[in-house]
**Student:** 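Before I ask anything, here is the structure I am working with.
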Amino acid sequence: MATTVKVVCYKSKILSNNESPLMLRVTKDRKLRYISLGISVNPEHWDFSKNQPKAECPNREYIELLMADKIKEYTTKIIELKAANQEFTSTTLVEKVCLNRLNRKTVDYLIKEHMNHLERSGRRNYSLSIKQLYNSLIEFNRHLDIPFAEMDVAWLRRYEVFLRGKGLAENTIGIRFRTLRSIYNIAIEENAVAPDLYPFKKFKVSKLHQETAKRALSKDDVERVLNFKSANRYMRFPIDLFAFTYYCGGINFVDIANLTKENISDGRLVYMRQKTKKLIKIPLQPQAVALIKKYHNDESPYLFPILSAIHKTDTQKANRIHKVISKVNMRLKEIGEALNLNVTLTTYVARHSQATVMKRAGVSTAVIREIMGHSSERITQIYLDSFDNEQVNNALKAL
């Protein structure tokens, strides 16, 4: 069937200025696709039988010129596609026209560009997450020398089937798609794809979620971990890091590794969270102060023996932290098994446990959110800024 391109006044929609938007209507195989022209008219000034503005319509000449340009743009593309014997639908026709107006950044180019930006910004962990997505997409699609417009809902569904075929966990699949969605949003910001092609309106990433296994201990079980005795002297350091995490509001291992003496001020631990770049001020409990004194070393600026002066570059620091946390969690796992705990013991369990203990002690959910960040790290910091120091002090004393 013939493909038609017309400009219509979308009178069923009334804007705040009491006008209706002008839309380009593409019809092919009885399928319609509407594209906004970015302007509107009063329906009284539109001739619906001829689909054109009436003689008395304000800005009539400008509207007619814009209509002619848009119709010409689409009819030219239709002629090109037919001359090349290329099949197209109303949707793919719109995508191809939009692509002509956009920059030519492919999926491959933009992802690599974003990874390089993250590396230069020192966000190495997030860069690694993008790299995992990139490798997965290459395995799925063979190459990424494609425009973002090609990533439609059908493409995303095929990718989901591919990931499930790999046997990945539901949450891992969710992480892949949330990362891909963030990349797509960047592509829109950089004019690499038209906003109206956004596939995640129909493909819901929120469905890719699974409740995670329990990762919190009771206060009694925390005490059992802290009092664990072993003939292996290397077991004490993992326990002490677990304890410091617990007593300092669930501080992340990466942040612990980077703590220096400069982070202690007026009895508080003051540091910039690596992940969110937010300033956090935590009152130091006596147990935490004792651990800092235990590992005090005049020859090192760091509070704990994780990093040292030989680790100068971000890559060296990241590699060292990864090596240490792997060993720490391996030994914590052994401790958890020896104590017959119902969770796999890691430093992250300390982060969850401190929140659970505070909740059972009657601390409000809002204060727990400020320390834990159940929905997101950003919201955690918003809550942290909203409570005064006395409330934070009292909350942490419950530990």
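For this chain, numbers begin at 1 and follow the sequence in order.
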**Student:** For residues 234-257, which residue pairs qualify under salt bridge (charged side-chain N to carboxylate O under 4.0 Å, His left out), counting only residues two or more places apart or in two chains?
**Tutor:**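 Residue pairs passing salt bridge (charged side-chain N to carboxylate O under 4.0 Å, His left out), neighbours aside: Arg236-Asp240, Asp240-Lys294, Asp255-Arg273.
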
**Student:** Is the centre of the Phe177 ring less than 6.0 Å from the centre of the Tyr159 ring?
**Tutor:**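 Yes.
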
**Student:** Decide if atom CZ of Phe48 counts as having more than 12 heavy atoms of other residues, nucleotides or ligands within a radius under 6.0 Å.
**Tutor:**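 Yes, the 6.0 Å shell around CZ holds more than 12 heavy atoms from other groups.
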
**Student:** In this structure, would Val8 and Tyr62 fall into the same cluster of hydrophobic residues linked by side-chain contacts under 4.5 Å?
**Tutor:**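 No, it is not one cluster - the side chains of Val8 and Tyr62 are not joined through contacts under 4.5 Å.
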
**Student:** Do Asn17 and Glu19 pair up side chain to side chain, a donor and an acceptor below 3.5 Å, judged on atom types alone?
**Tutor:**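 Checked: Asn17/Glu19 side chains pair up, N/O donor to acceptor below 3.5 Å.
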
**Student:** Test Met330 against Glu334 for side-chain contact (heavy atoms from CB on, under 4.5 Å), laying out the working first.
**Tutor:** CA-CA 7 Å; Met330 179 183 69; Glu334 293 176 8; 4.2 Å; yes

**Student:** Does this structure show an ion pair linking Glu44 with Lys54, if we count only N-O contacts that are shorter than 4.0 Å?
**Tutor:**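 Result for this pair is no, no salt bridge flagged.
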
**Student:** So, are Asp69 and Lys72 salt-bridged, with charged N and O less than 4.0 Å apart?
**Tutor:**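 No, this pair does not count.
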
**Student:** Count the heavy atoms belonging to other residues, nucleotides or ligands that lie under 6.0 Å from NZ of Lys261, then report whether that count exceeds 12.
**Tutor:**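 Counting other residues, nucleotides and ligands, NZ of Lys261 exceeds 12 neighbours.
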
**Student:** Any carboxylate oxygen within less than 4.0 angstrom of a Lys/Arg side-chain nitrogen, looking at Lys77 and Glu80?
**Tutor:**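 Yes.
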
**Student:** Show which side-chain atoms of residues 302-312 pair as donor or acceptor with protein atoms under 3.5 Å away, not counting sequence neighbours.
**Tutor:**
residue, atom, partner, partner atom, Å
Ser308, OG, His311, ND1, 3.4
His311, ND1, Ser308, N, 3.0
Lys312, NZ, Ala309, O, 3.3

**Student:** Is the ring centre of Phe148 less than 6.0 Å from the ring centre of Trp155?
**Tutor:**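 Between Trp155 and Phe148, which both carry aromatic rings, the centre distance is not below 6.0 Å.
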
**Student:** Between Glu223 and Lys219, is the closest basic N to carboxylate O distance under 4.0 Å?
**Tutor:**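 So Lys219 does not pair with Glu223 through a salt bridge.
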
**Student:** Does Arg164 come within less than 4.0 Å of Glu170, counting only side-chain N to carboxylate O?
**Tutor:**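 Between Glu170 and Arg164 there is a salt bridge, with a charged N closer than 4.0 Å to a carboxylate O.
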
**Student:** Please indicate whether Asp266 has more than 12 foreign heavy atoms, meaning atoms of other residues, nucleotides or ligands, lying under 6.0 Å from its CG.
**Tutor:**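 No, not enclosed.
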
**Student:** Specify whether Phe203 and Phe200 have parallel, tilted or perpendicular ring planes, treating 30° as the upper limit for parallel and 60° as the lower limit for perpendicular.
**Tutor:**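 Phe203 and Phe200: perpendicular rings.
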
**Student:** Just by distance, do the side chain of Arg181 and the backbone of Val205 share a donor-acceptor pair under 3.5 Å?
**Tutor:**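 No: the side chain of Arg181 does not pair with the backbone of Val205.
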
